[in-house]
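Below: one structure, written as structure tokens.
Each chain gets a letter, A, B and so on, in the order its sequence line appears, and its residues count up from 1.
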Amino acid sequence: MLDHILLEQTILAVKEIFGVDLEPDTNLVQKTRKEFDGDLTIVVFPLTKLLRRSPQSIGEELGQYLLSTSGLVQAYQVVSGYVNITVRQSYWKDFFIRDHGNVSFGVHKITTDEPVVIEYSSPNTNKPLHLGHIRNNLIGFSLARILNACGENVVKVNLVNDRGIHICKSMLAWRKWSRGETPESAHLKGDHLIGKYYVLFENKYREQVKELVGSGMTEEDALRQAPLIGEAQRLLKKWEDKDPETRALWHRMNQWAYDGFDETYRQMGVDFDRIYYESGTYLLGKQLVEEGLKQGLLQRKEDGSVWADLTDEGLDWKLLIRSDGTSVYITQDLGTAQLRYDEYHPKKLVYVVGNEQIYHFDVLKLLLKKLGRDWSDNIYHLSYGMVELPEGKMKSREGKVVDADDLMQEMFVTAEKMTRELGKMEDFSEAEASALFRQVGLAALKYFILKVDPMKTMVFNPEESIDFNGNTGPFIQYTYARIQSVLRKAAEVNFPGQDSLSLDFELIPKEISLIKLLADFPDVVKEAEAMYNPSVVAAYVYVLAKEYNQFYHDHSILKAGDPHIVHFRIELSRFVGNVINTAMGLLGIEVPERM
RNA sequence: GGUCUCGUAGCUCAGCUGGAUAGAGCAGCAGCCUUCUAAGCUGCGGGUCGCAGGUUCGAAUCCUGCCGGGAUCACCA
């Protein structure tokens, strides 16, 4: 904001002084580094060639000119090719008086009707959610909030992968070996029960493969010819043929999974506006393929399978329908995309899906384009990196996964332990206390994950529990709670002149740096939106909290002496609290009044 | 092998649309609670930004090559 104003003034100044027109290059004006005096810096090196003058003399002339013409500039200093500009305090004071009471500072009202549809979570109903899903859900949910704060009309959707061979594996294993076990009888969350049978299938299947290999078969053939996999495939065919008994079991077991997922989502604090099921969209996908076949855009081979030729686009041939007539992943996604377009006509279709599926989404966009769906240009695949354990990738087959429910539970327990150790809850009621443990534990987990750039692979070490000190969610929550404590005390004391806020005094550096940070917030939200990156908000709110804690440590608020200063510092604290609350809200993290 | 991606302190990460002496947290060491919440604050130690070239007044950042890790190229999803 401010930097743009100064950039304009600088361009004007260069034209006035040197008679040269400059392109508005945003790198010309940047924030002054902490170790130098000043707020904004004009980098004059790029001008030296153009103007054929030394950096020093350009800097001096620019600084002098801006000082005398710009109402913003209080002082300037030319340091080895940089003009460091100190902005008048009145600018910061005006900003503060104008915006400090704005509870939704940095957040825009929804201005458009064309929605942005964002898909995240997308679980399979054959196993419970793990740490990877947590990252997915947190990024998706946070991004929805960030888009929302930028005025977008956001529709959060979840696509449940409720059909396919993997579901049939769980079903088959349950039918063969469960003796009718249910979540109730096993005292197990439904999704975990189903996961148990999925793992059981995989184990038995691998045993069969091993046996076949032992009797001389190649591994490749064994994988394909083991009796269990054949059974699973026949079950899938029966499912697609709508066999009543198969469908009944499928309904029953899926419901177990849904009940389990709902509980996990509730704990995590994420939700959706609309839930799609692949069982409801894969037929539409098949229709699209049929349509493409008729138009000669796709090809059918002798064995009945259908393919798309993407070699012209630099990719390969892609299977769309298997030779037995069943559909594959991409077929379903074609249908889902079409359905979503028909329902919302979105200006943007965002998919939060792991980076292992980059190729899949390239193909999806190309296929839709091939089929004449020009709106496929509006598809954006937000691909995020995997969460790895110190020893490498999580492997569900080897049981090397960090389960979402377990992890959250662990976080709550740690939060409780921590809080009790610090002796912070003498006067908390039972309900308040357990709400706090949940808030703090979740904040630690969410912030830990969201502060990392989504694109990057991140490492999670289950041995070392997630920190509660330093650059963490609880640290930021603590800062907020601390502010609320000050505000509660402030409400109790009377001081003269508390009705009218007057900033008729010199601000100290820490106050100015806090105000500067606050003024940055709207730009931070916009940047997070533009980059589809919640970590931008996380980094910002940490710096803000840290800066406030330093201020809090070094300066009295309620005992500052001058009532005008007391009043100002109370309002400054309130403003910081509001922005922390809003920013954390954008990350999907709650802040407690006390902790 | 093709394509994509990552490599920054002991560990986890910022910085990457080129700008000043590369930053945080954790871990380690040393301090600060009769004063608004010490889940806090302050200080110290810790770096050939994978390597080598190039472009530039200026490179962790851009380009090329190499080394190392990961993903993907399924009649899995």
Can you tell if the side chain of A/Pro123 reaches within under 4.5 Å of the side chain of A/Asn161, non-hydrogen atoms only?
no

Candidates B/U42, B/C13, B/C75 - which lies nearest the side chain of A/Lys546:
B/U42

Would you please test A/Asn137 and A/Ser121 for side chain to side chain donor-acceptor pair (under 3.5 Å) and show each step?
CA-CA 5 Å; A/Asn137 281 297; A/Ser121 204; 2.8 Å; yes

Minimum-distance nucleotide (side-chain atoms of A/Ser323 versus B/C76, B/C57, B/C75):
B/C75

Closer than 4.0 Å, any side-chain N/O of A/Lys456 to the OP1 or OP2 of B/A14?
yes

Would you say a side-chain N or O of A/Gln550 is under 4.0 Å from OP1 or OP2 of B/G40?
no

Considering every strand shown, what is the Watson-Crick or G-U wobble mate of B/A38 when both distances are under 3.5 Å?
none

I'd like to know if A/Thr457 reaches the base of B/A71 with its side chain, counting only an N/O donor and acceptor under 3.5 Å.
no

Is the closest side-chain heavy-atom distance between A/Ser279 and A/Trp239 below 4.5 Å?
yes

Is any side-chain N or O of A/Arg482 closer than 4.0 Å to OP1 or OP2 of B/A38?
yes

Between the base of B/A74 and the side chain of A/Asp316, is there a donor and acceptor pair under 3.5 angstrom?
no

Below the 4.0 Å mark, does B/A39 have OP1 or OP2 next to a side-chain nitrogen or oxygen of A/Tyr478?
yes

Which of B/U35, B/A77, B/C36 is nearest the side chain of A/Lys559? It is B/U35

Looking only at B/U12, B/A39, B/C57, the nucleotide nearest the A/Asn469 side chain is B/A39

Select base, sugar-phosphate, or nothing to describe what A/Thr48 touches, counting heavy atoms under 4.0 Å on all strands.
nothing

Which nucleotide, B/G25, B/A77, B/G40, lies nearest any side-chain atom of A/Ile165?
B/A77

Counting only side-chain heavy atoms from C-beta out, which of B/C13, B/U12, B/A20 sits nearest to A/Val452?
B/C13

Under 4.0 Å: is that the gap between some side-chain N or O of A/Lys393 and OP1 or OP2 of B/G70?
no

Over all strands shown, is A/Ser573 touching base, sugar-phosphate only, or nothing at heavy-atom distances under 4.0 angstrom?
nothing

pi-stack flag for A/Phe475 and B/G40, centroid dist under 5.5 Å, interplanar under 30°
no

Within the structure, does a side-chain N or O atom of A/Lys49 lie under 4.0 Å from either OP1 or OP2 of B/U56?
no

Residue A/Thr32, side-chain atoms from C-beta onward, closest of B/A39, B/A20, B/U12
B/A20

For B/U37, take OP1 and OP2 only and decide whether either is under 4.0 Å from a side-chain N or O of A/Lys424.
no

Select from A/Met386 and A/Phe460 the residue whose nearest nucleotide in RNA chain B is closer to the 5' end of that strand.
A/Phe460

A/Ser556 side chain: which of B/A39, B/C4, B/C36 is closest?
B/C36

Under a 4.0 Å N-O cut-off, is there an ion pair linking A/Glu240 with A/Lys237?
no

Classify A/Pro46 by what it touches in the nucleic acid, base, sugar-phosphate, or nothing, heavy-atom distance under 4.0 Å.
base

Determine whether a donor-acceptor pair (one donor, one acceptor, N or O, separation below 3.5 Å) exists between the side chain of A/Asp453 and the base of B/C13.
no

Is there aromatic stacking of A/Tyr82 against B/A20, centre distance under 5.5 Å, plane angle under 30°?
yes

Given B/G18, is OP1 or OP2 found less than 4.0 Å from the side-chain N or O atoms of A/Asn27?
yes

Phosphate contact (B/A77 OP1 or OP2) by A/Arg322 side-chain N/O below 4.0 Å:
yes

Of the listed nucleotides B/C36, B/U12, B/U42, the one nearest the side chain of A/Val486:
B/C36

Rounding to an integer number of angstrom, what distance separates B/U17 and B/A59 when you compare their C1' atoms?
14 Å

Going by modelled atom types, is there a donor-acceptor pair between the base of B/A39 and the side chain of A/Thr479 at under 3.5 Å?
no

Determine the contact category for A/Gln357: base if any of its heavy atoms lies under 4.0 Å from a base atom, sugar-phosphate if only primed atoms, P, OP1 or OP2 are that close, otherwise nothing.
base

If I pick the P atom on B/A27 and the same atom on B/C63, what distance separates them, to the nearest angstrom?
38 Å

Choose from B/G40, B/A39, B/A71 the nucleotide whose nearest atom is closest to any side-chain atom of A/Met595.
B/A39

Is A/Asn126 touching bases, backbone alone, or none of the nucleic acid, heavy atoms closer than 4.0 Å?
nothing

